[in-house]
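Quantities reported herein were computed from a predicted structural model and do not represent experimental measurements.
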Amino acid sequence: MDWGRDVLVNIGNHFDLASSIFVAPRKGIYSFSFHVVKVYNRQTIQVSLMQNGYPVISAFAGDQDVTREAASNGVLLLMEREDKVHLKLERGNLMGGWKYSTFSGFLVFPL
């Protein structure tokens, strides 16, 4: 995944730009959300939020009659220190690659 230089906030540098992986600095409840935009008619996209290599939630966009369509999802996760989270494009193509997509995460409650 190529995020370019469009990381707006990364306090503590727990999101690694090179690998596009967030690493939890401590145990706690974290909130994550993402928004992606598909391009091209007659295709479906599926994006999954992965925790330690396993899909937790997914978002789909598959309307056959529109050129651009958005998909979003969000979740609260219990994470241990050093747990990893990233997005994975399971199928389809995103408009502008990841340029028009967002990924956000933050600690809600430390444990």
Nearest 0.5 Å, what's the [atom1]-[atom2] distance between [X] and [Y]?
X   : Y    : atom1 : atom2 : result
D16 : H86  : CG    : NE2   : 12.5 Å
D83 : L77  : CG    : CG    : 9.0 Å
L49 : K88  : CG    : NZ    : 12.5 Å
T44 : E90  : OG1   : CD    : 13.5 Å
I45 : S101 : CD1   : OG    : 7.5 Å
E80 : Q51  : CD    : CD    : 9.0 Å

Smallest separation among heavy atoms of [X] and [Y], with atom names:
X   : Y    : value
A70 : A61  : O-CB, 4.2 Å
F32 : G105 : CD2-CA, 3.6 Å
Y30 : G28  : CD1-O, 3.5 Å
H35 : V37  : NE2-CG2, 4.1 Å
S72 : A59  : O-CB, 3.8 Å

Under 4.5 Å between side-chain heavy atoms, hopping through other hydrophobics if needed: is there a path connecting [X] to [Y]?
X    : Y    : value
L78  : F109 : yes
L87  : M50  : no
M79  : V75  : yes
I57  : F60  : no
L107 : F22  : yes

May I have all residue pairs that pass salt bridge (Lys or Arg N to Asp or Glu O under 4.0 Å) and include part of residues 100-111, sequence neighbours excluded?
->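 Listed once each, the pairs would be none.
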In this structure, are over 12 heavy atoms from other groups packed under 6.0 Å from L111 atom CG?
->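 Check passes, neighbour count above 12.
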Assign the ring pair F15 / F103 to parallel, tilted or perpendicular, where the plane angle (0 to 90°) is split at 30° and 60°.
->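 Judged by the thresholds at 30° and 60°, the geometry between F15 and F103 is tilted.
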Backbone N or O of S58 within a donor-acceptor pair of the N73 side chain at under 3.5 Å?
->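 Present.
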